[in-house]
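This report concerns only the one structure given below.
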Amino acid sequence: MNTLILLAPVLLACGGDGSQPLPTPLPGGSANYSASLDDGPDFSRPHSLAAADWWLAYDSGGLFASFSDSPPVDFQTELEREGSCRLVGFESSFCDAGCEWGEQCVDGECVGEAPREDRGALLWSWPEGSEELQPDDLLGYWGSAQASTVGASEVTVSAITLEAPTLLPVTPDGSWEDALSARAAGEDLTLRWTDPLEDSRVRLHMTDCVGSHGGIGAAEIECEGPDSGALVIPGAYLDALADGDWSRGECGSHALVRYAAAADPQDTGLRYESRASASFFWRPGW
């Protein structure tokens, strides 16, 4: 497993699959946590997260935040890892005594999410404005913004200020949908984009109809790595996903998310993520 992680920079430096050089990254994607990461994937999950999603082309943005003292429960198991991607799976488990409301049975034990914390007011700012948010009845924070400018944004909560830039989504190099449709079984697929940013990252999650409708897919793909201009998805992982449940409608939408993440040096479990998504559609057989 460690060998595969170490190979990831070589794969990306050679154009993902070695066939094309990568574009030169542009400045503008820096935030302290994401900029500190190396070329390997980061699948860690912070216990407290404020996440801003930007749709600058549509003059809008949105923020959701919640805070707790431990990371979210992970109901899936990592099955394989290759390069910047991993295949995760899920098997149902049985708990003899049954679980309380809000708990899930994982590996024979009932587990629940850590309770949310009230951190008081949260101040969110971006180039065109700012908003002070208070937690709702479920201790979640929600905000919306009119935003169209690439620039600095901040959240301040519990006397901690975290800064990350507003972002535009990646610009696909060619049609990712066509590339997925034309892919033969077993073939790796390289997603390419033309405008990588220095020190920003990308994240991909692909699931079947079960995951799209709020469940947990038996096989799902997760990828994460530097915003280099290319991301290689192993063909075996796409094959495993294609064997999933595609029997329902309204599924097959996926997104490559460009993001920059900031963290407090004393508490990296508290993060502010600034994100922008490039959506694409893939459903096996379509």
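Side chains are part of it too, since the values below use all heavy atoms of this structure and drop only hydrogens, waters and symmetry mates.
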Aromatic ring proximity, centroids under 6.0 angstrom, Tyr272 and Tyr33 = no

In one Ile/Leu/Val/Met/Phe/Trp/Tyr side-chain cluster, 4.5 Å: [X], [Y]:
X	Y	value
Leu123	Trp142	no
Leu180	Val170	yes
Tyr237	Met206	yes
Ile221	Leu231	yes
Val210	Val88	no

In terms of heavy-atom contacts, does [atom1] of [X] have more than 12 from other residues, nucleotides or ligands at under 6.0 Å?
X	atom1	answer
Gln146	CD	no
Glu109	CD	no
Gln134	CD	yes

Identify the two heavy atoms, one from [X] and one from [Y], that lie closest to each other, and give their separation to 0.1 Å.
X	Y	result
Pro41	Ser84	CB-O, 3.9 Å
Ala114	Asp69	CB-OD1, 3.8 Å
Trp126	Ser144	CH2-O, 4.2 Å

Heavy-atom distance under 4.5 Å between the side chains of [X] and [Y], does that happen here?
X	Y	value
Arg183	Leu238	yes
Leu26	Glu198	no
Leu256	His205	no
Trp124	Leu122	yes
Glu82	Val232	no

Salt bridge between Arg248 and Asp208, side-chain N to carboxylate O under 4.0 Å?
-> no

Answer yes or no: is there an ion pair linking Arg203 with Asp227, defined by an N-O contact shorter than 4.0 Å?
-> no

For the atom pair [atom1] ([X]) and [atom2] ([Y]), what is the distance rounded to the nearest 0.5 Å?
X	Y	atom1	atom2	value
Asp42	Leu37	CG	CG	5.0 Å
Leu162	Thr156	CG	OG1	7.5 Å
Leu22	Thr194	CG	OG1	12.0 Å
Arg116	Leu138	CZ	CG	6.5 Å
Leu241	Thr207	CG	OG1	6.5 Å
Arg81	Leu87	CZ	CG	12.0 Å

Ignoring hydrogens and angles, tell me if any N or O in the side chain of [X] forms a donor-acceptor pair with the backbone of [Y] under 3.5 Å.
X	Y	result
Ser274	Pro165	yes
Glu128	Ser148	yes
Ser228	Ala230	yes
Asp245	Cys209	no
Ser34	Ala261	yes
Thr171	Trp193	no
Ser153	Ala164	yes
Ser48	Ser68	yes
Ser158	Ile160	no

Candidate list Glu224, Glu222, Glu80, test side chain to side chain donor-acceptor pair (under 3.5 Å), partner Arg86, passing option | Glu222

Does the side-chain contact (heavy atoms from CB on, under 4.5 Å) test come out yes or no for Ser44 and Arg271, once each step is laid out?
-> CA-CA 11 Å; Ser44 65; Arg271 291 185 209 161; 2.8 Å; yes

Find out if the SG atoms belonging to Cys99 and Cys110 lie under 2.5 Å from one another.
-> yes

For the pair [X] and [Y], name the ring-plane relationship: parallel under 30°, tilted 30 to 60°, perpendicular over 60°.
X	Y	result
Trp246	Trp282	perpendicular
Tyr141	Phe67	perpendicular
Phe280	His254	tilted

Qualifying residue, where the test is side-chain contact (heavy atoms from CB on, under 4.5 Å) with Leu167 and the options are Val150, Val257, Leu197 | Leu197

Should Arg283 and Ser181 be marked as a side-chain hydrogen bond (donor to acceptor under 3.5 Å, both in side chains) after you check the CA-CA gap, both sets of side-chain angles, and the distance that decides it?
-> CA-CA 9 Å; Arg283 185 179 174 119; Ser181 297; over 6 Å; no

